[in-house]
Amino acid sequence: MDATTPSEQTEKRARAGRSARREQRSHGPQGLGRPYIVRNIPTYDILSEEGLIRIEETADRILAEIGIEFRDDPVALDHWKRAGAKIDGVLVKFEPGMLREILKTAPASFTQHARNPAKSVEIGGKSVVFSPAYGSPFVMDLDKGRRYGTIEDFRNFVKLAQSSPWLHHSGGTICEPVDVPVNKRHLDMVYAHIRYSDRAFMGSVTAESRAEDTIDMARIVFGEEFVDANCVILGNVNVNSPLVWDGTMTTSLRAYARANQAAVVVPFILGGAMGPVTNAGAIAQSLAETMAGCALTQLERPGAPVIFGNFLSSMSLRSGSPTFGTPEPAVGSMVIGQLARRLGLPLRCSGNFTTSKLPDAQAMNEGTVSMLAAVHCGANFILHSAGFLDGLLSMSYEKFMMDTDFCGALHTYLDGVVIDDNQLALDAFREVGPGNHFFGCGHTMANYQSAFWDSELADNEPFEKWEAAGSVDAATRANRRWKKVLAEYHAPHLDPGIDEALKDFMARKKASMEDAWY
C-alpha cells in the first residue's frame, strides 16, 4: 500500500511526467537523434582584414626568419627537404606562402565514422562536435576528493559521455589510468572507448607504436579497407611550444596521416612562458606552429584529414601558475577561428577551461567564458567540453555533469531563431487577444514539450520549496546525477567476434613487452 499523501502522489506523478517528457526530448531533434550540431548562428569575426594580414605576415616571418625545430624525426626533415624548406640540422625555415600551398590538399571537412553509423560526426563547415576533457592525471568527486585516475574512472567517464544526449564524441584520454602500465594503458583506453561507447573516439599519441596499435584496433572494428578510405580515429598532437616539434608527436602525427586518420594539431601556449604575453604575438606563434604540423600531415599523405587546433592560455605573472578561462585567450580564439577559415581547415578551439579546484561558481564562470568563445569562434571540434577542473590536472565527476548540462543549453543556443508560421505564433495572438495570458492556449499546448530547453540539474522551484527539500546546491545535485547515470548505464551492442579479436590483440601486445611505469 502506498503510504504517501495525495499531494505527494501528485508531485511524484508530475516529476515522472517531466522525466518522461525530458527523455522523449533527449531522443528528439535536440538530443541523441542529432549526432552533432549544425550551427544556425554566425561566427563572431572580430578582427579586420588589415589585422588578419598583419598576423599572417608575422607568422610568415617567424617561419622564415626564426624557423621551427623538428627533433628526433629524420623522416620529417626529409619531407621538408623534398618540399623545398631550408634545413640546418633540426631547424627548418619556410618561405612565405610555402605552408599554405602544401595545405591546399587538406580537406575542408570530413566525416569521422563511429561504429554506430547513426553517431558518425561531420567535422568542418557549420558542424559543432562536443567531446569530453582530455589528459588529466587526477580525478575528483565530492565523496572521495582528489586522487589519481584509474582504469575504472576512465571507463566511468566513457559511460557518462555515452549516456549524455548533449555530447557527440567519446573523447580520448579522459583521465590517465595510472594503475595500468604506461606502455600498455593505451590498449585498455582504446578498448574502453570501443566497448562502452558506440560513438567516435580518439586514439593514443604517446608513441608511434601506440598510435599504430590504435589504428590496428580500429581496423579490427571497421575493416582494413574501410579504415584506409575513411577517418575513424582522431589523434591529439601537441607542439612543444615555443617553436619545437618533437619526434614523439611528429611520428604519431605521421602514423595517423599515413593511415588516412586525422591529427588534431594543437600548440599549447601559456602566455609569458611558452609564448609572448601579448595576445597578437601568441596568435601569430600559434598560427606558425599549427600550419607547420598540419602541412606535415599532407607531406606524409596528401588529402589526409587534419584539424587546425589551438590552445591559448594565460598565466599569473605574480606566481607563474597557469590560468584558464580568462578573457584574453577567449578573445584570441575568435581570431584563431578567422585564421583557420582563411586556410580552409576544420577548427578545434577553446573548451570548458577553469583553474578552479572545485565545481563552484569560479569553475562555471571561467568555463562559460571559454566555452562561449569556442562556440562563437566557429570551432568544429570542441575538446574539453566537459569535466575540466584544476587547470586540467583533474577530471571532476560533478563538473562533468554540470558541463554536459551546459552543452545541452548550447544546442538550443546554436540553433538560433527559427522563422516559420508556427514560431511567429499569429494564431496564438488571435486566440488570446489583448490583456490575456498564453499559458493554456492551443499554441502553447502544441509546443510546450519542445519550446524551451529543460535542464537536468537546474533547480527552478520557488525558494521555499527548494529550502524544504534540503537546500541542495548544484554540485550536490550533479553528484547524485552521475551516480544515477552510471547505475542505469547499459553498454551498446558490440559484435562478440570483434570483441574477442580485440581482446586477443591486446593480450598478444601486452605479452610481448614487460611493464613500464614511466
Exercise. Which heavy atom of Met395 sits nearest a heavy atom of Ala386, and at what distance?
Worked result: CE-O, 3.3 Å
Exercise. Where is the tightest heavy-atom contact between Ser350 and Ala374, given as atom of each residue plus distance?
Worked result: CB-CB, 3.5 Å
For this session: Kindly compute the distance separating OH (Tyr44) from OG (Ser333), expressed to the nearest 0.5 Å.
Result: 14.0 Å
Exercise. Using the ring of each side chain (for Trp, its six-membered ring), is Tyr191 parallel, tilted or perpendicular to Tyr196, with breaks at 30° and 60°?
Worked result: perpendicular
For this session: Keeping the roles fixed (side chain from Gln285, backbone from Leu243), state whether a donor-acceptor pair exists under 3.5 Å.
Result: no
Exercise. What pair of heavy atoms forms the shortest contact from Ser197 to Gln162, and how long is it?
Worked result: OG-OE1, 2.9 Å
Problem set entry | From CA spacing to verdict: side-chain contact (heavy atoms from CB on, under 4.5 Å), Cys407, Leu167 | CA-CA 7 Å; Cys407 286; Leu167 295 178; 4.3 Å; yes
Problem set entry | Enclosure of Glu65 CD (heavy-atom neighbours >12, cutoff 6.0 Å) | yes
Seminar exercise, completed: By side-chain hydrogen bond (donor to acceptor under 3.5 Å, both in side chains), Asp60 pairs with (sequence neighbours left out) Arg100
For this session: Would you check if Val264 and Leu383 make a side-chain contact, meaning some heavy-atom pair closer than 4.5 Å?
Result: no
Exercise. Would you call Asp141-Arg147 a salt bridge at under 4.0 Å N-O?
Worked result: yes
Problem set entry | Asn183 side-chain N/O to Ala516 backbone N/O, donor-acceptor pair under 3.5 Å | yes
For this session: Report, as yes or no, whether the 6.0 Å neighbourhood of atom CD on Glu224 holds more than 12 heavy atoms from other residues, nucleotides or ligands.
Result: no
For this session: Specify the closest pair of heavy atoms between Met189 and Pro177, including all atoms of both residues, with the distance to one decimal.
Result: SD-CD, 3.6 Å
For this session: Over all heavy atoms of both residues, which pair between Ala262 and Phe110 is shortest? Give the atoms and the distance, please.
Result: CB-CZ, 3.7 Å
Exercise. Can you find a side-chain donor-acceptor pair between Thr111 and Glu122 that sits under 3.5 Å?
Worked result: yes
Exercise. Under 3.5 Å, is there a donor-acceptor pair between the Thr150 and Asp179 side chains?
Worked result: no
For this session: For Leu47 and Ile55, run side-chain contact (heavy atoms from CB on, under 4.5 Å): C-alpha distance rounded to whole Å, both residues' side-chain angles, the deciding distance at 0.1 Å, then the answer.
Result: CA-CA 10 Å; Leu47 209 59; Ile55 285 178; 3.7 Å; yes
Exercise. Is the closest side-chain donor-acceptor distance between Asn240 and Arg71 under 3.5 Å?
Worked result: no
For this session: Output yes when a side-chain donor or acceptor of His193 lies under 3.5 Å from a complementary backbone atom of Gly172, and no otherwise.
Result: yes
Exercise. Any donor-acceptor pair under 3.5 Å linking the side chain of Glu398 with the backbone of Ala475?
Worked result: no
Problem set entry | Identified side-chain hydrogen bond (donor to acceptor under 3.5 Å, both in side chains) partner of Thr250 from the options Thr297, Asp72, Asp73 | Asp73
Problem set entry | Heavy-atom side-chain contact between Ser313 and Leu270 under 4.5 Å | yes
Exercise. Just by modelled atom types, is the Lys510 backbone N or O under 3.5 Å from a matching donor or acceptor in the Lys184 side chain?
Worked result: yes
Seminar exercise, completed: Looking only at heavy atoms, the pair that brings Asn238 and Trp245 closest together is O-CZ3, 4.0 Å
Exercise. Is the backbone N or O of Phe201 less than 3.5 Å from a side-chain atom of Gln112, with the two atoms forming a donor-acceptor pair by type?
Worked result: yes
Exercise. Are the side chains of Leu389 and Thr354 in touch, meaning some heavy atoms are under 4.5 Å apart?
Worked result: yes
Problem set entry | Contact list for residues 350-369, test ring pair (Phe, Tyr, Trp, His ring centres under 6.0 Å), sequence neighbours left out | Phe311-Phe353, Phe353-His384, Phe353-Phe388
Problem set entry | Heavy-atom side-chain proximity of Met274 to Met315 below 4.5 angstrom | no
For this session: Verify side-chain contact (heavy atoms from CB on, under 4.5 Å) between Arg146 and Asp390, making sure each step is shown before the conclusion.
Result: CA-CA 10 Å; Arg146 187 178 189 254; Asp390 187 22; 2.9 Å; yes
For this session: Using a 4.5 Å cut-off on heavy atoms from C-beta on, say whether the side chain of Arg155 contacts that of Arg195.
Result: no
Exercise. Is the CZ atom of Phe226 crowded by more than 12 outside heavy atoms at less than 6.0 Å?
Worked result: yes
Problem set entry | Short side-chain to backbone donor-acceptor contact, Ser512 and Lys509, under 3.5 Å | yes
Exercise. Got a sec, which residues hit side-chain hydrogen bond (donor to acceptor under 3.5 Å, both in side chains) with Ser356, two or more places apart in sequence or on another chain?
Worked result: Asp360
For this session: Taking the side chain as every heavy atom from C-beta outward, state whether Leu299 and Ile102 have any atom pair closer than 4.5 Å.
Result: yes
For this session: Just do the ring-ring contact (aromatic ring centres under 6.0 Å, His included) check on Trp80 and Phe94 with the steps written out, would you?
Result: CA-CA 9 Å; Trp80 291 125; Phe94 312 86; 4.9 Å; yes
For this session: Decide yes or no on side chain to side chain donor-acceptor pair (under 3.5 Å) for Ser314 and Thr323, but give the supporting numbers first.
Result: CA-CA 5 Å; Ser314 53; Thr323 52; 2.6 Å; yes
Exercise. Is it the case that more than 12 heavy atoms not belonging to Arg54 sit under 6.0 Å from its CZ atom?
Worked result: no
For this session: Using a 4.5 Å cut-off on heavy atoms from C-beta on, say whether the side chain of Met371 contacts that of Ser385.
Result: yes
Problem set entry | Arg301 (side chain) donor-acceptor with Arg258 (main chain) under 3.5 angstrom | yes
Which atom pairs, one a donor and one an acceptor, fall under 3.5 Å between side chains of residues 129-137 and the rest of the protein, sequence neighbours left out?
residue : atom : partner : partner atom : Å
Ser136  : OG   : Leu392  : O            : 2.7

Exercise. Could you go step by step and tell me if Thr326 and Val369 meet the side-chain contact (heavy atoms from CB on, under 4.5 Å) rule?
Worked result: CA-CA 7 Å; Thr326 50; Val369 167; over 6 Å; no
Exercise. Is Thr214 reaching over with its side chain to a backbone N or O of Ser204, donor-acceptor style, under 3.5 angstrom?
Worked result: yes
For this session: State whether the side chain of Thr355 and the backbone N or O of Gly391 hold a donor-acceptor pair below 3.5 Å, judged by distance alone.
Result: no
For this session: For Thr43, check side chain to side chain contact (heavy atoms under 4.5 Å, CB included) against everything at least two apart and list the hits.
Result: Arg39, Asp45, Arg341
For this session: Could you check if a side-chain atom of Tyr413 sits within less than 4.5 angstrom of a side-chain atom of Leu372, using non-hydrogen atoms only?
Result: yes
Seminar exercise, completed: Taken to the nearest 0.5 Å, the spacing of Leu393 CG from Phe138 CZ works out to 6.5 Å
Exercise. With a cut-off of 6.0 Å (strictly less than), are more than 12 heavy atoms of other residues, nucleotides or ligands near CG of Asp515?
Worked result: yes
Exercise. With sequence neighbours left out, what residues match Ser127 under side-chain hydrogen bond (donor to acceptor under 3.5 Å, both in side chains)?
Worked result: none
Exercise. What distance do Lys119 atom NZ and Ser170 atom OG have between them, rounded to the nearest 0.5 Å?
Worked result: 10.0 Å
Problem set entry | Side-chain ion pair, Asp216 and Arg219, N-O less than 4.0 Å | yes
Problem set entry | Pair Asp415 + Arg34, salt bridge at N-O below 4.0 Å | yes
Exercise. Are Tyr148 and Asp153 close enough that a side-chain donor and a side-chain acceptor fall under 3.5 Å?
Worked result: no
Seminar exercise, completed: To the nearest 0.5 Å, atom CG of Asp213 lies from atom CE of Met506 at 10.5 Å
